[in-house]
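Here is the structure we will look at.
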Amino acid sequence: MTKIIVNGREVEADPQKPLIAACHDHGEHVPHYCYHPGLSAVGSCRICQVEVKQGEMPARVVAACRTPIAEGMVVNTDSEGAHDSRRECLEFLLKNHPLDCPICDKAGECSLQDYSFQEAQAEGRSSEPRRKLEKRKDLGDVILLDQERCILCSRCVRFMDEVPKSPQLCISGRGSHSVVETWQDAPLTGNYQGNLADVCPVGALTLKDFRFQARVWNLTRVPSTCSECSRGCSITAEVLRDGEVKRMRPRPNENVNGYWMCDHGRFSEGELNRSDRMAPAALRDDAGQLTAADPGDALRVIQNLLSVQSQALLLASPYLTVEEGEAFSQLARSLGRQASFFSPEPNDLRDDVLHTGDPCPNRRGLQEAGLTPMSSDEWAAASAAADCILLVGERLLDMLGDEALAGLPATQRLVVMECRASDHPAVDVAIGVPNRVERSGTWINVDGAAGAIRAARPAPQGVRTIVDLLADLTTTSGQPEEALSS
Amino acid sequence: MNDFLIILIKTCVIYGCLIGAAALMTLAERKFSAWMQLRYGPNRVGPWGLLQPLADGVKFIFKEELCPDGANPWIFRLAPILSAVPAMLTVAVIPFAGDVNLFGVDCGNLSITDLDIGVLFLVAIGGLSVYGVILGGWASNSKYSLLGGLRASAQMISYELSLILIILCVVAMTGSLDLRAITEAQNTGNPLSWNVFSQPLAFVIFVIATFAETNRHPFDFAECEPELVAGFHTEYSSMKFALFFLGEYCAMIVMACLTTTLFLGGYSVPFWEDAPWFVELGSFCAKAGFFAFLFIWVRWTLPRFRFDQLMHLGWKVFLPLALANLLVTGAVISLA
Amino acid sequence: MVIVKRKTLTLAERLYLPEILRGLSITFRKMFQPKVTRQYPEEPLPTNEVTRGQPRLRELTEGHLACVSCGLCEAACPAYAITIDGQETDRFIEREPERFEIDMLRCILCGFCEEACPKEAIFMSTELELAGFTRESFKYGIDKLKRSTEELAPRMEYIKRINERW
């Protein structure tokens, strides 16, 4: 650790990191475009200039991202000289930047906007026309490039080089003819393209999926955890006014995902925005139709089933949180049964960056809660042997598949607690549960790191939490106290 | 039988006219106030807004009847009736004109009855109307209503005193309690024989006291909107509220008639001693109409008094003046 | 400090009655003066370009709004009356509103939306009358808000003029 003085304050800084990181670590914000804490520093944008005085030499204005830390450095991030340099730098950047903030998706979270405002740099002296470039350049399925908005910071190029290690982007041309391009306009590939829109400090690289979907200041941001693999990347779920999840973005977390997430997880919001939600409670009536029922009645029916049928199969979704898993295994203990969770086959998305290939985000947490994993083969055998099946948690029906349900014997009772509505003829009792943006809890990832999920919007009217439902079933079926003591 | 029929018809006509006049007064109140404030007033219902009272009445009937929680429901319902009925009863003794001869039938004098203690009846029944106000205020179970009712009762009792003393002066001059006799005494064809000329101070005090007696501006402390919401009828709605208003306007009309009778010679026509009855009626209506207009006129001109000023005026100014006036009147009569 | 001298009243003023008569004469004279009330539905309010009526959207080209659904009016609206959803178009300006809704019951006609608009797309019109039978009918969509440039031209001129003052 090296001692430096930042804005009159003596702080300890890591000499391995550039000066800008030390400033950021100690709460002194230095503007930056090309610098990204997760990428190498190149010093191409020159906005991060600060005044540094070393030893007896007069103070100099230097780019903080390319300046190594030295003992006894005196740094002033707020000096007149630094501001002057930043303003000149901004004037050059804005020289060719189009004034289409009103239609730009980045508006509101754009560094160029923020720093122009911060440095009060709005006037340009240039009377030359702005350069005309391609405004809608297709870069594959995920990303759209607006070359006019690009400030050539090369963050995207470095990201592709350094993180997924599949160099696909480059800056071609020289001087004012420089543009970001792919080789022969080939579309981008890979599972990490979405991060390009996050690293881009302006609106040049935008997500096709999010294009013109919402103004960013209308989004409510809730910290959460990605559900798509056992890595459990920390994310921010962003919800529009009517509760629709508009996008999910990585949340910096050194222990788990750094600054990134994969596209597979990023674009998994479709399933969260489904409108075909299961009713709070439904029972199969005399005519054989699933009809909405009083939730209390439905719970009593389930209790009766569980107390009468001795060979019940209790199967949870792998998306259950630790808390819900705990409640589920308590219910199983009170019934003298073993609780399991469905463990789907690993998929082929596994890579060296983040994705683990295991679709259970909470495998460790559920195992610690006392649930045993159950593969599809085991499920086929166990479901045939059971006289009553209780399925709890989101996406479980989709994972098992309708064919598996159709093959169940007719005498078997099937209770489903799901998010998605189902009118499968095998279902006898259906209870609606909140999905992962409507409830709070903890998932434990493959390395044992806990990731919290938090409710970003209220659950549909009348839908209760899984913990509540399971607790109600436990206290009224069997003797929970005895089960606990034994 | 014939007499009974005539009395029945007279009663119906006079009460019909009274209610009609009260309705018209509500319209006049709004029209005149509008004109004084450079507005038009109600002009949408019927020609010149003439059907506005009808529309108001219909609205009142369709409004929801409310009875506040904790109110005494029977007294609450009784109060508007107690307020309206005495005001309407007193009109029975007002002589509107002399002998009426209609289609060759002699119908007698144009008044429901000519009581020989007409003045006493008027004062006695008029004094009852304070009960409507105070019971309404008390039964509403509301602080505003209660305060309004208390103020109204204090005020009406205070001014009734001066009012009666003034009436006594007139009675002393005429020597009769019969309102027709009082009118006839002034009906000489010479306007100078009207009491207003022999008793100018009494006239002024009487007119001002009638304002206080009817709870009109500038003495409307029973309502006093800025302080008491709406005073004693804050909690009233629908027809019950309308009854209070009917009572107020009937009282105004009766007081206007009374002032006319006592001081302006009633139905006497200046310089025409034996005028036919319809001319007399016209004369009476013109004089009473002026006083009714005065009620409205003053309301939209003067600001409201303070309650202590009102009491000061009633007890320390009007009462001594009225007593002195009675003394002088009595002295002059006994000396003459 | 200002010292207000209390006026000593004359006898006539203390007697009160002459003053009352003076007041009465004033109100009586007023009764015959011309009325100032406007008979509203027959005599509508005069409007000009300064009138701040209900906000309306300007049609830039045939069938297309000048609005690019940037959401600044939505953000500026103190009454939360505006709701905008954007969508992509093939025209040069790539963005247009898919839904532009103003809840006229919420709108307080403050004109902040007009001030916030960077595209000269929303203007306060001279339309002042608002009536309906359901709450839903007061949620004006693009179809009800769209006005031609000519209709809004006086207001546009006026806004340009006052903006030049700064």
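Naming: A, B, ... by sequence-line order, numbering from 1 per chain. Here the structure is a predicted model, which means the values were calculated and not measured.
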May I have a list of the donor-acceptor pairs under 3.5 Å that connect chain C with chain B?
from  : atom 1 : to     : atom 2 : distance (Å)
C:L24 : O      : B:W297 : NE1    : 2.9
C:T27 : OG1    : B:W297 : NE1    : 3.0
C:T27 : OG1    : B:T301 : OG1    : 2.8
C:V36 : N      : B:L38  : O      : 3.0
C:Q39 : OE1    : B:N43  : ND2    : 3.2
C:Q39 : OE1    : B:R44  : NH2    : 2.8
C:E42 : OE1    : B:R44  : NH1    : 3.4
C:E42 : OE1    : B:R44  : NH2    : 3.1
C:E42 : OE2    : B:R44  : NH1    : 2.9

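The number of heavy-atom neighbours closer than 6.0 Å to CZ of B:F60, taken from other residues, nucleotides and ligands shown, is above 12. C:Y80 OH: 12 or fewer foreign heavy atoms inside a 6.0 Å radius.
Of the listed residues C:L24, C:V36, C:L17, the one with more heavy-atom pairs under 4.5 angstrom with chain B than any other is C:L24.
Heavy atoms of B:V204 lying under 4.5 Å from chain C belong exclusively to its side chain. In this structure, the portions of C:F28 lying under 4.5 Å from any heavy atom of chain B include both its backbone and its side chain.
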